[in-house]
2 protein chains.
Amino acid sequence: MNTLSYGLLALLSVKPRTGYELMQQIQPLWRAKHSQIYPLLAKLEQLGCVRFVQVTQKEKPDKKIYSITETGLAKLRSWLPEQADEPVKRDELLLKAYCLSLAEPRQARHLIAERRALFQNHLAKYNAQLAELKRETGLSDGEPGLRSPYFGNYILIKRAIAGAQLELEWCSWVMHILDEEQGQCAERPEP
Amino acid sequence: MNTLSYGLLALLSVKPRTGYELMQQIQPLWRAKHSQIYPLLAKLEQLGCVRFVQVTQKEKPDKKIYSITETGLAKLRSWLPEQADEPVKRDELLLKAYCLSLAEPRQARHLIAERRALFQNHLAKYNAQLAELKRETGLSDGEPGLRSPYFGNYILIKRAIAGAQLELEWCSWVMHILDEEQGQCAERPEP
DNA sequence: TGACCCATGTAAGCCGTTACATGATTGG
DNA sequence: CCAATCATGTAACGGCTTACATGGGTCA
């Protein structure tokens, strides 16, 4: 069983989900395509870690709602205390940033502007997820307690929001340097 | 030519390096093992994007110092303005954090403590890199200008430092919640 | 009317990791 | 004395991406 399999069990330990939902919701933690997830779910079912009920829908395709079994929970618990691998990051924009001095000033601004737009979207999504989580738990004021199954999701959304904000601050900082040093070539900055 | 190939060219556009150094220095931007990098360098050489000089050393293995060619620079410049792919993140600890409510309190603290230690190391390394960069550019006070080939490295180190600090703050925050809510079970927190 | 969302699955191929291979020097 | 660092390479395998496949409903 690979790491992604444990990740799927982790999501299912909070609540049942379809393969499609798992595919969407695991993205911020572990990027994976549906073509990888569906076969893994089949394997997890054969191992007795998950089970599913088929749901027939009108006007939408049928779906399988997966939930975790006792076997799956046991596997999860024995995986938790193991040493976690170092995070893997691969970021093409950072490679481009490394040789940013090769780019023309407006190209450079464009690259940073694109990243800013990307993380503005991310930030909006994470904020929506936080609102959704507060609805789901009914705790509009405080935070889900350590024993709540939503505790993990809560601390991860907070982390993601802070991360996106930092990314945006970095973009602003770089943009300022680009603007400052290019006072001579009087192009309007991009909107 | 895949993204990693362009990454290698990006590093070489600043200064020549050995395959070994490239392997080490590209890690924060794009995780890759030497077994992937050496064959790519051979391919880039066949394509005429890089060239190398063999250096025989006493008391150390021989090495190849690679540098970028005009062809390689042209390839880099045409790659720069292309839309960059979204960053890829795969973080096993976040999967564990998602189901942290399943863990025993001391297990949970241990997981977070390990991550804190990891990023304290990262932070120290990035700070050392910043000092090294200031030595290399001779600019102990200000920052390398937009036209300096070290500009990209500079903004990336600053970004990495801020990222590591944020990660550490998140760890502290989570630790506090774990400590607070476990007042009843009077275990000593880990050192 | 063309793109996007829901929803699941398979197959081919590239990307990335692990393991095999070698070997001298330095530091704990 | 064992581990780590420097330094380069190959081979096998598993993980991940891209493409193929299907098909109704919604929105601009």
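As the structure is a computational prediction, the values presented were derived from the model and not from experiment.
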| said: Main chain of A/L11, side chain of A/R17: is a donor-acceptor contact present, judged purely on distance under 3.5 Å? | reply: yes
| task | Would you mind reading off the bend of the helix from C/dT1-D/dA28 to C/dG28-D/dC1 from its two end axes, five pairs each, to 10 degrees? | result | 50°
| request: Would you kindly compare B/Q57 and A/E59 by the position of their nearest DNA chain D nucleotide and give the one closer to the 5′ end? | output: B/Q57
| Nearest-angstrom distance from the residue atom CG of B/L8 to P of C/dG16 | 11 Å
| query | In whole angstrom, what separates B/D85's CG from C/dC15's P? | reply | 12 Å
| query | Counting side-chain heavy atoms from C-beta on, which of D/dC6, C/dC6, C/dG9 comes nearest to B/K60? | reply | D/dC6
N/O to N/O distances under 3.5 Å, protein versus nucleotides 11-17 of chain D:
{"residue": "D/dC16", "atom": "OP2", "partner": "A/Q36", "partner atom": "NE2", "Å": "2.3"}
{"residue": "D/dC16", "atom": "O5'", "partner": "A/Q36", "partner atom": "NE2", "Å": "3.3"}
{"residue": "D/dC16", "atom": "O3'", "partner": "B/R90", "partner atom": "NH2", "Å": "2.8"}
{"residue": "D/dT17", "atom": "OP1", "partner": "A/R31", "partner atom": "NE", "Å": "3.2"}
{"residue": "D/dT17", "atom": "OP1", "partner": "B/R90", "partner atom": "NH2", "Å": "3.2"}

| query | Over how many whole Å does the gap from A/L41 atom CG to C/dG9 atom C1' extend? | reply | 12 Å
| Honestly curious: do B/F119 and A/V88 fall in one hydrophobic cluster under the side-chain, below-4.5 Å linking rule? | no
| request: Take the protein atom CZ of A/F52 and the nucleotide atom P of C/dA7, then report the distance between them rounded to whole Å. | output: 16 Å
| Length of the line joining A/Y38:OH and D/dA21:C1', which is rounded to integer Å | 14 Å
| Is A/L166 reachable from B/Y126 through a run of I, L, V, M, F, W or Y residues, each pair having side-chain heavy atoms under 4.5 Å apart? | no
| message | Which nucleotide wins on minimum distance to the side chain of B/T18, given the candidates D/dT8, D/dC6, C/dG9? | response | D/dT8
| field | Whole-Å gap separating C1' (C/dG16) and CE (B/M23) | value | 15 Å
| said: What's B/E21 touching, base or sugar-phosphate or nothing? Going by heavy atoms closer than 4.0 Å. | reply: nothing
| Options D/dT8, C/dG23, C/dT8, nucleotide nearest the side-chain atoms of A/K63 | C/dT8
| message | If we ignore hydrogens and angles and just use 3.5 Å, is the side chain of A/Q27 paired with the main-chain N or O of A/R31 as donor and acceptor? | response | no
| task | Would you kindly give the CG-to-P distance between B/L44 and D/dT8, to the nearest whole Å? | result | 15 Å
| Between A/R115 and A/E167, is the closest basic N to carboxylate O distance under 4.0 Å? | yes
| query | Are the side chain of B/S5 and the backbone of B/M1 linked by a donor-acceptor contact shorter than 3.5 Å? | reply | no
| query | Regarding A/K158 and the six-membered ring of B/W170, is the cationic atom NZ or CZ under 6.0 Å from the ring centre and inside 45° of its axis? | reply | no
| Is the A/W79 ring parallel, tilted or perpendicular to the A/Y6 ring (thresholds 30°, 60°)? | parallel
| said: Can you measure A/E86 atom CD to C/dG16 atom P for me and round it to whole angstrom units? | reply: 17 Å
| message | I need the full list of salt bridge (Lys or Arg N to Asp or Glu O under 4.0 Å) pairs touching residues 53-73 of chain B, with sequence neighbours left out, sorted by first then second residue. | response | none
| query | Out of D/dT8, C/dG23, C/dC6, which nucleotide sits closest to the side chain of B/P61? | reply | C/dG23
